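I have placed the structure first, in the form of structure tokens, so that the comments after it can refer back to it.
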Amino acid sequence: MALMTGEQYIESIRNLKMEIYLFGEKVDNPYDHPILRPSLNSVRMTYDLAQDPQYEDLMTVTSPFTGNKINRFTHIHQSTEDLKNKVKMQRLCGQKTASCFQRCVGMDAFNATYSTTFEIDKAYGTNYHENFKKYMMYCQENDLMIDGAMTDPKGDRSKAPHEQEDPDLYLRVVERRADGIVVRGAKAHQTGICNSHEVIVMPTISMKPEDKDYAVAFSVPIDAKGLFMIIGRQSCDTRKLEDTTLDVGNAEFGGVEALVVFDDVFVPNDRIFMNGETEFANMIVERFAGYHRQSYGGCKVGVGDVLIGATAVAAEYNGVQKASHVKDKLIEMIHLNETLYCCGIACSSEGEQTESGNYLINLLLANVCKQNITRFPYEIVRLAEDIAGGLMVTAPSEKDFRDPKIGKYVDKYLKGVGNVSTENRLKILRLIENLALGTAAVGYRTESMHGAGSPQAQRIMIQRQGNLEEKKKFAKAIAHIED
């Protein structure tokens, strides 16, 4: 099958029989639901861009397994150039959607699972790598949207999976059969899963031998029996249910997360990629987390580009674009954003080939990248709010603006510079609100903190990989100290 167009992708999702719940009710038509549809549009952009000759080199690549042209989001990285192009592609998609476009997690799960299954097979003589390769080529040939599911609810974080009062707080194998396994549990914070064809499930932490039932990786279709999704609330989400586009800020694109329940879901043998090999749980976690922390050096930068642009437009509409402090704040926003991009490119450039043949980023630099992501977007947002002004959060609604009686007062008293309409001024302020505080905060501000692991998770990895002992040796050598 050739690369899907955006419209073909939408229709392929329509054909799935997903079980989705929102506001306590089952959603019969999630594909056109006003809260869910913007997130579907964001994924569609990854398909539309792959059809555009202008972006062909970034969005598509020749598969080394099938020899066919595929979407880069289903690619197994073959070089550091691939790793850098991944980051560039993600920045482009962020610029085009100003939101989370949701395919990064599947791409990162692809590459982590590819190399980890190879090493499990090497140690145990299992067949996981061949299982995964066949699955990966199926996804490539059908241009599928894949979700990667790692985060378990975790329950009492002071206890290991097998020690939990409720054993289902980490996803686990509850039955092993001749033809496969049955799993039970949940995965939390799953971005884009309601827009996916398939899901790859991975363990979420390092495992002990006693956690054997929890050391499981596999894939199932998104409409597998026993799998259902509960959509999470977002700030300002019900604005999308109102008759307004102005108040939403970014009416076309967005992102949503879900709590995904696996209620005794059957997984056939050929879809199993890990089944009890506890000592390899840490490897797949570290590699997936590393790839995903690299991703943030692209996607968040692209969305940051939009926020910086919107802030500059707001400055013009407010008539303050020539003020020296405004110019300096915009420079600082650009500086911070490009620093994040540098980190994404750096960890890609320093990547190395794994035993399986695909390329892994430099894990230390990937964690440094994500650690900066937990900080810089907050400062970028602060500066954006500073320049935009208080009207960003106090403006009346679109209904007030359109009202025959009071609309003229909103138009009169909220006007900025003379050659810009009040409507356009409100539009740009609502976009900034959306990126800084509203539903897009899931794809920019708040997700910058917790996506791909909390700040402490990166600091733990930086401590492990920072090679402090070698640095001490450098200092002792210069100081001529002999132990």
Side-chain angles (χ1 to χ4, degrees), residues 33-35 37-39 41-42 94-99 233-255 303-334 337 377-446:
H33 194 285
I35 288 180
R37 182 56 190 242
S39 68
N41 291 340
S42 293
Q95 292 167 342
K96 295 294 185 179
T97 63
S99 71
R233 286 299 309 264
Q234 296 181 353
S235 174
C236 306
D237 53 9
T238 53
R239 289 189 190 184
K240 296 176 183 177
L241 300 176
E242 302 170 7
D243 184 20
T244 177
T245 56
L246 192 156
D247 291 348
V248 175
N250 185 354
E252 185 175 2
F253 302 109
V303 179
D305 288 331
V306 178
L307 179 56
I308 293 167
T311 306
V313 172
E316 292 176 5
Y317 289 1
N318 291 341
V320 298
Q321 74 273 23
K322 293 182 180 180
S324 59
H325 72 95
V326 171
K327 292 179 180 179
D328 190 61
K329 288 167 184 172
L330 287 168
I331 291 168
E332 180 65 8
M333 293 170 76
I334 294 169
N337 204 45
Y378 282 77
E379 179 63 9
I380 292 171
V381 163
R382 188 187 72 82
L383 293 169
E385 293 175 353
D386 182 0
I387 294 172
L391 187 58
M392 183 190 85
V393 291
T394 66
S397 70
E398 181 173 359
K399 285 186 177 180
D400 293 315
F401 181 67
R402 307 291 183 199
D403 185 81
K405 179 180 178 180
I406 63 176
K408 62 183 179 181
Y409 295 103
V410 176
D411 187 41
K412 173 182 175 68
Y413 290 114
L414 297 187
K415 190 172 179 62
V417 296
N419 63 343
V420 175
S421 68
T422 301
E423 181 172 356
N424 282 346
R425 187 185 186 208
L426 292 175
K427 281 181 177 179
I428 206 68
L429 292 175
R430 287 300 190 196
L431 176 58
I432 295 172
E433 180 198 31
N434 174 269
L435 290 167
L437 302 171
T439 57
V442 177
Y444 187 67
R445 185 174 59 85
T446 307

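These numbers come from a predicted model, not from an experiment.
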Give the C-alpha distance, both sets of side-chain angles, the deciding distance and a yes or no for side chain to side chain donor-acceptor pair (under 3.5 Å) between Arg430 and Asn434. CA-CA 6 Å; Arg430 287 300 190 196; Asn434 174 269; over 6 Å; no
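Here the straight-line distance linking atom CD of Glu423 with atom CD1 of Ile428 works out to 12.5 Å at 0.5 Å rounding. Rounding to the nearest 0.5 Å gives a distance of 6.0 Å between OG1 of Thr422 and CZ of Phe401. If you take CG on Asp386 and NE2 on His325, they are separated by 7.5 Å, rounding to the nearest 0.5 Å. Between Asp305 atom CG and Lys96 atom NZ the span is 11.5 Å, to the nearest 0.5 Å. For the atom pair Leu246 CG and Leu431 CG, the distance stands at 11.0 Å (nearest 0.5 Å). For the atom pair Leu429 CG and Glu433 CD, the distance stands at 9.0 Å (nearest 0.5 Å).
For the residue pair Glu252/Asn41, the side-chain donor-acceptor check at 3.5 Å is not satisfied.
In this structure the side chain of Leu437 reaches within 4.5 angstrom of the side chain of Glu385, judged on heavy atoms. Glu316 has its side chain out of reach of Val326: every pair of non-hydrogen atoms, C-beta onward, lies at least 4.5 Å apart. Between Ile334 and Asn337, the closest side-chain pair of non-hydrogen atoms is not below 4.5 Å.
Contact detail for Leu426 and Ala395: the closest heavy-atom pair is CD2-CB, 3.8 Å. Counting all heavy atoms, side chain and backbone alike, Ala388 lies closest to Ile432 at CB-CD1, 4.0 Å. Of all heavy-atom pairs spanning Asn424 and Val420, the tightest one is CB-CG1, 4.1 Å. Between Ser99 and Phe253, the shortest heavy-atom contact is OG-CB, 3.7 Å. Contact detail for Leu307 and Ala384: the closest heavy-atom pair is CD1-CB, 3.9 Å. Residues Ile387 and Asn318 share a closest heavy-atom pair of O-ND2, 3.5 Å.
Of the possible polar contacts, one joining the Asn250 side chain to the Thr97 backbone as a donor-acceptor pair under 3.5 Å is found. In this structure a side-chain-to-backbone donor-acceptor pair under 3.5 Å is missing from Asp247 to Ser397. Proximity of a side-chain donor or acceptor of Arg445 to a complementary backbone N or O of Ala436 within less than 3.5 Å is detected. Distance alone, capped at 3.5 Å, is enough to place a donor-acceptor pair between the Ser42 side chain and the Gly254 backbone.
The number of heavy atoms from other shown groups lying within 6.0 Å of NZ (Lys415) is above 12.
Here Pro396 pairs with Asp400, Val410, Leu414 under the side chain to side chain contact (heavy atoms under 4.5 Å, CB included) rule; sequence neighbours left out.
Ion pairing of Glu398 with Lys427 is absent here, as no side-chain N (NZ or NE/NH1/NH2) approaches a carboxylate O to less than 4.0 Å. Taking the charged nitrogens against the carboxylate oxygens, Arg382 and Glu379 do have a contact shorter than 4.0 Å, which makes a salt bridge.
Under the side-chain contact (heavy atoms from CB on, under 4.5 Å) test applied with Leu435, the options Val306, Thr311, Ile380 reduce to a single match, Val306.
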